[in-house]
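Here the structure is laid out as C-alpha cells; the discussion comes afterwards.
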There are 2 protein chains.
Amino acid sequence: MTAPNAPTPNLPAHEIVYRQIREMVLFGELAPGQPVTIQGLVAQLGTGMTPVREAIRRLTAEGALEFKGNRRVCVPDLTAQHLHELAFARVALEPHLAELAIKQATPADIDALEATDARVNAAISAGDIRSYLEQNYLFHTALYALSGADILCPMVQGLWLRVGPSLRIVCGRYGTLNLPDKHAEAIAALRAGRAADLSAAIRDDIVQGQDQIAAALAEAGGDSLA
Amino acid sequence: MTAPNAPTPNLPAHEIVYRQIREMVLFGELAPGQPVTIQGLVAQLGTGMTPVREAIRRLTAEGALEFKGNRRVCVPDLTAQHLHELAFARVALEPHLAELAIKQATPADIDALEATDARVNAAISAGDIRSYLEQNYLFHTALYALSGADILCPMVQGLWLRVGPSLRIVCGRYGTLNLPDKHAEAIAALRAGRAADLSAAIRDDIVQGQDQIAAALAEAGGDSLA
DNA sequence: CGGTCAATAATATGATCAAATTATGTCCTG
DNA sequence: CAGGACATAATTTGATCATATTATTGACCG
C-alpha cells in the first residue's frame with residue numbers, strides 16, 4: 001500500500017518535521033541570522049502548523065534556533081565568546097565519549113567508521129561541502145554513539161547543532177582544503193585500544209575546527225560571520 | 001477582567017506553561033517514572049492543549065521529560081549509568097562556570113549569594129525540602145549566571161533539570177540533615193578571589209550530592225529510585 | 001486464553017484573533 | 001519646492017482554540 005521508501009510510516013509528523021528542520025540547520029541550508037517563519041516552513045514542508053510549532057520549540061530548546069525578541073525565530077549568529085564556550089564544552093565532553101567508546105567498539109564498528117572517514121576524505125577531495133559536513137558529522141556521532149551514553153550523546157549533538165551553520169560558512173568561504181582531519185589517527189588509536197591517543201586525536205580535531213571558525217570570525221571583524 | 005496577579009500578560013501562554021511544568025519537575029512535584037498526560041496538564045493548568053504540547057516538546061528536548069515509546073510521556077527514572085554521566089558533565093562544566101563568575105562578581109553579587117545560602121541553611125534546619133531544593137538551585141544558578149556564559153548556563157540548567165526529581169526522592173527519604181554544603185567555602189573563595197578554591201568547593205558540592213543519590217540508588221537495589 | 005470492540009488520549013488540521021512590521025501618504029522643515 | 005520623518009493603515013505572521021481523526025489500551029465475550 002505505502003510506497004517502498006516509507007520505512008517508518010508510524011513516525012509522528014512533528015518528529016519528521018523536526019528532523020527535516022534539524023538537517024537544514026546542521027548542514028547549512030539555513031544561514032546564521034536568517035529568520036525562520038512558521039508559515040514559511042508550513043508552505044515549504046507541506047504540513048500543518050502544529051507539527052512545525054512543536055519542532056521549532058524543540059530546536060529552540062536545543063539551541064539550534066533562537067527566540068529573537070518579538071516572537072521572531074532565527075538561526076543564531078555566534079559571537080567569539082559563544083564559540084569559546086562551545087569549544088570548551090566540546091573538549092570537555094567529546095574526548096571522554098571517545099574513551100568510553102573504545103571499550104565497546106567491535107572490529108565491525110571500527111570498519112564502519114573507517115568507511116565513513118573514507119567518504120569524508122572523498123568529499124574533501126571533491127570539494128563537496130554538503131557531503132563533507134554530513135559525513136564528518138556522521139563519523140563523530142557514530143563514534144560517540146558506541147559509548148552508549150544516553151545523556152551525554154544528545155548533549156554533544158546539541159553542541160554540533162550550534163556549530164553547524166558557522167562551519168558551513170567557513171567551508172564555503174575558505175574551501176575544504178585545510179580542514180581538520182585527525183580521523184586517521186583516531187581510527188588507529190581505536191584499533192590499538194590506546195585510549196589516551198584517541199582522546200588526544202579527538203581533542204585536536206575539535207580544536208583545529210574551532211580555531212578555523214575563530215580565525216574566520218576574526219577576519220570578518222565584528223561579532224558576526226554573516 | 002484579569003486577576004490582579006497577572007504581572008506579565010504579554011508573555012505567551014506556552015512560555016508560562018513551560019515554566020510551570022519545569023518547576024514541577026525541578027522541585028519534585030512530579031516523581032520519576034510518573035506518567036504525564038497532556039489532558040491532565042490541560043485540566044490542571046486551565047489552558048488549551050497547544051501550549052501544553054509545545055511546553056512538553058521543549059522539556060523533552062531538555063531531558064526533563066521522556067518519550068516513553070507509545071506516545072506516552074513521563075518523568076525519567078535515572079539509572080546508575082545516567083547518574084554517572086550527569087556527574088561527569090556537571091563536574092566538567094560547573095566549576096568552570098564558577099571560575100568565570102569570579103572575574104565578574106561584584107561585592108553586591110556576593111552578598112546576594114550569601115543571602116541565598118542563608119535561606120538554604122534555614123531550609124535545612126527546618127527540614128523544608130521544597131524550600132531547600134529551590135534555594136539551593138537558586139544559589140548555583142545565580143553563581144553561574146555571573147559568568148555571563150550564554151550557552152553553558154542553559155546547558156547546566158538542563159543537567160539540574162534531570163537531577164531534580166531524584167534529589168527530591170533522596171531528600172524525602174533521608175531528610176535534609178547530611179546534605180552537601182560547600183557553599184560557605186565557595187563564598188569565602190569567591191570573596192578572596194581564589195579561583196582554584198572556588199572551583200574545588202563547587203566540585204566537592206556536586207560530588208557529594210551525586211554520591212548521596214548514588215548511595216540511595218544502590219540501597220534501593222535496582223536501576224530505579226521509584 | 002485469545003480476539004474483538006469500545007473508550008480514551010494523543011495527533012493533526014483549519015479557523016479565528018491579536019500583534020507587529022512594513023508600506024504609504026501627508027505634513028513639516030530646510 | 002524637495003526631502004525626510006512621523007503617523008496611520010494594511011498585510012503578514014504568530015498564538016490560541018475547537019474539532020476531527022487515528023491509534024492504543026483495557027475490558028469483555030467467545
Side-chain angles (χ1 to χ4, degrees), chain A residues 1-3 6-22 24-25 29-31 33-77 226, chain B residues 1-3 6-22 24-25 30-31 33-77:
Chain A
M1 187 173 300
T2 55
T8 49
N10 300 354
L11 231 57
H14 62 82
E15 184 72 29
I16 309 264
V17 171
Y18 164 75
R19 297 187 186 183
Q20 285 177 318
I21 305 177
R22 179 192 166 93
M24 289 186 195
V25 174
E29 284 174 43
L30 295 172
Q34 178 173 340
V36 174
T37 73
I38 291 180
Q39 303 194 3
L41 290 170
V42 167
Q44 185 176 346
L45 301 177
T47 174
M49 65 167 53
T50 307
V52 171
R53 292 180 68 78
E54 298 182 35
I56 286 182
R57 296 288 169 247
R58 237 174 118 179
L59 290 162
T60 302
E62 291 176 336
L65 297 177
E66 192 180 23
F67 242 70
K68 204 76 174 184
N70 289 332
R71 62 210 247 180
R72 205 155 211 105
V73 174
C74 69
V75 182
D77 211 356
Chain B
M1 173 143 346
T2 55
T8 50
N10 300 354
L11 232 58
H14 60 80
E15 183 72 29
I16 309 264
V17 171
Y18 164 75
R19 297 186 187 183
Q20 286 177 317
I21 304 178
R22 179 192 167 93
M24 289 187 197
V25 173
L30 295 172
Q34 178 173 340
V36 174
T37 74
I38 292 181
Q39 301 198 356
L41 289 170
V42 167
Q44 185 177 347
L45 301 177
T47 174
M49 66 167 51
T50 306
V52 171
R53 290 179 70 78
E54 298 183 34
I56 286 182
R57 296 288 170 245
R58 237 174 119 179
L59 290 162
T60 301
E62 290 176 336
L65 298 177
E66 192 179 23
F67 242 68
K68 205 75 174 182
N70 293 329
R71 59 215 247 180
R72 206 159 211 102
V73 175
C74 70
V75 181
D77 210 355

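Residue numbers begin at 1 in each chain, while the letters A, B, ... track the order of the sequences.
Considering A:M24, A:Q34, A:Q20 in turn, A:M24 is the only one that fulfils the side-chain contact (heavy atoms from CB on, under 4.5 Å) rule with A:E29.
In terms of heavy atoms, A:C74 sits closest to A:K68 at SG-CD, 3.8 Å. When all heavy atoms are compared, the tightest approach of B:A31 to B:V75 is O-CB, 3.3 Å.
To the nearest angstrom, P of C:dA10 lies 16 Å from NZ of B:K68. One atom, CZ of B:R53, and another, C1' of C:dA9, lie 11 Å apart when rounded to the nearest Å. Protein atom CZ of A:R72 is 21 Å distant from nucleotide atom P of C:dA18, rounded to whole Å.
Put simply, CG on A:L11 and CZ on A:R19 are 5.0 Å apart, with the number rounded to the nearest 0.5 Å. Summarising the geometry, atom CG belonging to A:L59 is positioned 6.0 Å from atom CD1 belonging to A:I21; distances are rounded to the nearest 0.5 Å. The distance from the CD1 atom of A:I56 to the CD1 atom of A:I38 is 4.5 Å, given to the nearest 0.5 Å.
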Please set out all donor-acceptor pairs under 3.5 angstrom arising from side-chain atoms of residues 44-54 of chain A, sequence neighbours excluded.
{"unit_1": "A:R53", "atom_1": "NE", "unit_2": "B:E54", "atom_2": "OE2", "d": "2.8"}
{"unit_1": "A:R53", "atom_1": "NH2", "unit_2": "B:E54", "atom_2": "OE2", "d": "3.2"}
{"unit_1": "A:E54", "atom_1": "OE1", "unit_2": "B:R57", "atom_2": "NE", "d": "2.3"}
{"unit_1": "A:E54", "atom_1": "OE1", "unit_2": "B:R57", "atom_2": "NH2", "d": "3.0"}
{"unit_1": "A:E54", "atom_1": "OE2", "unit_2": "B:R53", "atom_2": "NE", "d": "2.8"}
{"unit_1": "A:E54", "atom_1": "OE2", "unit_2": "B:R53", "atom_2": "NH2", "d": "3.1"}

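Between B:R58 and B:E62 there is no salt bridge, since none of the side-chain N atoms of the basic residue sits less than 4.0 Å from a carboxylate O of the acidic one.
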Tabulate atom names and distances for all N/O pairs under 3.5 angstrom spanning the protein and nucleotides 13-15 of chain C.
{"unit_1": "C:dT13", "atom_1": "OP2", "unit_2": "A:G48", "atom_2": "N", "d": "3.0"}

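Protein chain B contacts DNA chain D from D:dA15 to D:dT25, reading 5' to 3' and using non-hydrogen atoms of the protein with a distance under 4.0 Å.
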